[in-house]
2 protein chains.
Amino acid sequence: MLSLHQLRCFLATLEHGSFTAAASALGYAQPSISEQVRLLEQQLDTTLFRRVGRGLVPTEAARALQPHASVALAAVDEAGRAVASVRELLTGTVRFGVFRTARFYLAADLVADVLQRHPGVRVELVGQNSAEVLEHLRKGRLEAAVIALPVEDENMVVTPVLRDELVYVSADPARLHARITAADLAAAQLVLPDASWRETDTTRRQLAQAVQRTGHPLRPRIEVEDTETALDIAARGLADTVTWRGVLHGLGDRLPAGLGWAPLRPAMYETFAVVHREGELSPASRVVVDLVTARMRGLDRAMRARTA
Amino acid sequence: MLSLHQLRCFLATLEHGSFTAAASALGYAQPSISEQVRLLEQQLDTTLFRRVGRGLVPTEAARALQPHASVALAAVDEAGRAVASVRELLTGTVRFGVFRTARFYLAADLVADVLQRHPGVRVELVGQNSAEVLEHLRKGRLEAAVIALPVEDENMVVTPVLRDELVYVSADPARLHARITAADLAAAQLVLPDASWRETDTTRRQLAQAVQRTGHPLRPRIEVEDTETALDIAARGLADTVTWRGVLHGLGDRLPAGLGWAPLRPAMYETFAVVHREGELSPASRVVVDLVTARMRGLDRAMRARTA
DNA sequence: CGTTATCCGAAGGCATTTCCTTTAGCTGAA
DNA sequence: TTCAGCTAAAGGAAATGCCTTCGGATAACG
C-alpha cells in the first residue's frame, strides 16, 4: 500500500533531482530513498524516474503524481495542525451540558467569557433537562455539564456549586403570605413548566412528593414547556407558579411586571452541581467547568447574602 | 510520524463506531486497529475517542482530524489513478524528438493519429536538429526520437526507417541538367538552411565533404534557418539550394511555384532512423514510435516507387 | 585521454514496526 | 446474575525500514 513516506521521498527526489541530494535533505542514506522510490514505482506499476548515467529524469508519470503527492502531504500536515489547534483550544467546539433553566443563571455571560478568552472556538450548550443531560454524560456524548442533583453514578465527579430555593410566584399579593405550605400548593391553581419532562424532572418530583404528603395529588391546571411562559401566564393572573429564586434573580428587570414571590415552608431546595466523568477533562471542558463553577458559586454567595 | 495506515484505521473507527467493527471492515484483528489509533493519539498528543463502556465516542479532536484525514486518503487514491491514467495513456504528455524538417515528412499527420487514438493526451514534438535531439536522448530528457543517422551510441536502439536523397533545387531550368556534381555545387550560388547548426548538421557536413574533395570550400552565399525560407529564396531565383526529396514530396502543392529539381551525382543519401534508449519504452513512446515507423516506411516505399 | 569525483544499485545485518492470537477486565442488557 | 460485546494487554512471528559497504557507470577535469 502506498505510504506517505514513499511520497515524501519521491517529492524530495523530484525537487532535488537526485536520490543522494534528497537523502541528505531528508536526513537518510541514499539507498533508503532509492528503495522507497523503487517501492513506489513497483506499487504504481510505472517508472517515475529514468535512470540515466548519474542523475535522474522524471517521467510523465512522475509529473502526474507530483501534485497529488503534495496534496496528500499537505493534508496530513494540516491535520496535525488542526488537531493541535483544538488541543490548544484555538478552534473547535466546546460542548457543555446544562439544565434547562441554566440560561437564567449564566448562559449568556458564560458564552461571552468563553468567546472572549478563546476567539475561534464555537460553543454549544446542550440540554433540555438535567436527567437527559446526565444520560448524555453517561453515554460519553458530553464531557461535562452543570445539572441538578441528585446524580447517582459513582463514576461521575460531582461538584456542588449552587443551592437554590423554590419560591411561590403570584400576581396576587394576597396569596403571597409569609409561609406557603404544601397544602397551599395543593389548593392553588398552578401553571408549571417542563411539561415533557414531568416524570424525570427533579423539581417536579420534589414538589409532587411534598404535595402528596398532604393527601392530595399535584395536579397543575396548566402545563407549559418553558419557565418564562409559566411566568408570563402567572403575570396575567391566570394561575400561580413555582420557580427558583435564581430564576427571578437572573431575570432581573425582565421579570414580568406585577409578579411577587414568597418562600415555601418548609423550604425546598435544589442543588446544582458541575458533573463530569472521572479522569482527564479536555482543555476545552476544563475551561468551561472552571468558568461555570466560579460563576455559579458567585451567584450562590450573592443569593445567600440577599436572604440574610 | 503520522502514517496513512493510522489515518485509515482512524477513519474506519470513526465510521463504524468501534475498533472491532473497523477491524472487520479493514480485514484486520481488533488489537491492530486499536493500537494504530492509540499510536495516532500519542503522536498527535490528544485523545481521539473517549472510551466509554462498550463503544467509543469521538472527541472534538477527532472531528477536527476527520476531514483532513479524508483529504489525505483521497489524494493518495487520486494519485494512484492519475498515474494509472498516464500509464494507460489516457492522459499526460507524449514527448517525442524529431529532426528539424520532420514536419515535411509526418508532423501534422502523426499528431493527428496520436490525438485520435488517445483523446486526452498532449503531444510535444521537440527538436531543432538531429544532433541536439540525440543529446536529449542521451541525457534522458527524451525517450525516443526520429533523427538522421549516424548515431554512435551503443546504448541506443536504432531502427532505420527512411532513406532520402539529396537533390539540387533551382528556379532556373537551365541549371537542372541531369548530373549535378560536387563541382557544380562549389561553383553555384547557394542558399542553405540550418544556419545555427551548420557545425553539427549531418547534411551540411556531407555536402561540405563532397565539395571539399573538389578542392573548394562549401561557402553558401546565403544562410537561413528554415528550409522553407531557403526554398522561397530559391523560387525567386536569388540562389539555388539543396534539399531532400522527401521535403519536396511532403510539400506537394505548397512547393513554391517555379522550382525544379535534379539529382546529384554521385547521389547523396541521408538515412533517418527511429532511435531510443535500450530497455523498456513507456507505452506513450511505444505508440509514437510505432506510428512513426509505419508512416516513415510507407513514405520510403512511396518515394522509391516514384524513382523507379 | 586518463583520472577523479559523484551517483545509482545490490547485499547483508540490525532495529523497529506491525500484526496476529490469546487472555483478562469491563459494561450494558436480558 | 449471567451473557454478549467491547477494549486493553502481552507475547511472538513476520515484515519493513534503515544503515554501511561495495561495485559499476558516468560526467567533468586536468
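Naming convention: chains lettered A, B, ... in sequence-line order (proteins, then strands); numbering from 1 in each chain. Heavy atoms only: backbone and side chains are in, while hydrogens, waters and symmetry mates are out.
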Q: Where the side chain of Phe19(A) is concerned, which of dG9(C), dC20(C), dT18(C) is the nearest nucleotide?
A: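 For the Phe19(A) side chain, the nearest candidate turns out to be dG9(C).
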Q: Take the protein atom CD of Gln43(B) and the nucleotide atom C1' of dT17(C), then report the distance between them rounded to whole Å.
A: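 In whole Å, dT17(C) C1' and Gln43(B) CD are 12 Å from each other.
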Q: CD of Glu35(B) versus C1' of dG12(D): gap in Å, rounded?
A: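 So the two atoms are 13 Å apart, to the nearest Å.
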Q: So, is Ser18(A) close to the dC7(C) phosphate, meaning a side-chain N or O under 4.0 Å from OP1 or OP2?
A: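 For dC7(C), OP1/OP2 do not have a side-chain N/O of Ser18(A) under 4.0 Å.
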Q: Quickly work out the Arg50(B) CZ to dA8(D) P distance and round it to whole Å.
A: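 Result: 13 Å.
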Q: How close or far is atom P of dA10(D) from atom CD of Gln30(B), stated in whole angstroms?
A: 14 Å
Q: Closest approach to the side chain of Ala29(B), judged atom by atom: which nucleotide of dT18(C), dC20(C), dC19(D) is it?
A: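 Shortest atom-to-atom distance from the side chain points to dC20(C).
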Q: With a non-hydrogen cut-off below 4.0 angstrom, is Leu39(B) in contact with a base, only sugar-phosphate, or nothing?
A: sugar-phosphate
Q: For the pair made of CZ in Phe49(B) and P in dC6(D), what is the distance, rounded to whole Å?
A: 15 Å
Q: dG5(D) P sits how many Å from Leu56(B) CG, rounded?
A: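 Distance, rounded to whole Å: 17 Å.
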Q: So does Arg205(B) pair up with Asp201(B), basic N to acidic O under 4.0 Å?
A: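 Between Asp201(B) and Arg205(B) there is no salt bridge, as every charged N stays at least 4.0 Å from the carboxylate O atoms.
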Q: Is the distance between the ring centroids of His276(A) and Phe96(A) under 6.0 Å?
A: no
Q: Let me spell it out: for each of Tyr28(A) and Ala21(B), pick the nucleotide of DNA chain D with the closest heavy atom. Which residue's pick is nearer the 5' end?
A: Ala21(B)
Q: Are any of His5(B)'s side-chain N or O atoms less than 4.0 Å away from OP1 or OP2 of dT17(C)?
A: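 His5(B) to dT17(C) OP1/OP2: no side-chain N or O under 4.0 Å.
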Q: What is the distance from CD of Gln6(A) to C1' of dG17(D), rounded to the nearest Å?
A: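 Gln6(A) atom CD is separated from dG17(D) atom C1' by 11 Å.
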Q: Report yes if the distance between the aromatic ring centroids of His5(A) and Phe10(A) is under 6.0 Å, otherwise no.
A: no
Q: Hey, is the side chain of Thr20(B) poking within less than 4.0 Å of OP1 or OP2 on dT7(D), counting only N and O atoms?
A: yes
Q: Which atoms form the tightest heavy-atom contact between Val71(B) and Ala75(A), and what is the distance?
A: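 Minimum heavy-atom separation between Val71(B) and Ala75(A): CG1-CB, 3.5 Å.
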Q: For Gly17(B) and Ile33(A), find the nucleotide of DNA chain D closest to each by heavy atoms; which residue's nucleotide sits nearer the 5' end?
A: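 Per heavy-atom nearest nucleotide, the more 5' residue is Gly17(B).
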Q: Just checking, any donor-acceptor pair under 3.5 angstrom between side chains of Glu270(B) and Thr203(B)?
A: yes
Q: In this structure, how many angstroms lie between the C1' atom of dG17(D) and the CG atom of Leu40(A), rounded?
A: 15 Å
Q: Between Gln36(B) and dC19(C), does any side-chain N or O lie under 4.0 Å from OP1 or OP2?
A: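 Indeed, a polar side-chain atom of Gln36(B) lies that close.
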Q: Nearest to the side chain of Arg138(B), heavy atoms from C-beta on, is which of dT18(C), dC8(C), dA27(D)?
A: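 Shortest atom-to-atom distance from the side chain points to dA27(D).
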Q: On the nucleotide dT18(C), are OP1 or OP2 found under 4.0 Å from the side-chain N or O atoms that Ser32(B) carries?
A: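 Answer is no, no contact under 4.0 Å.
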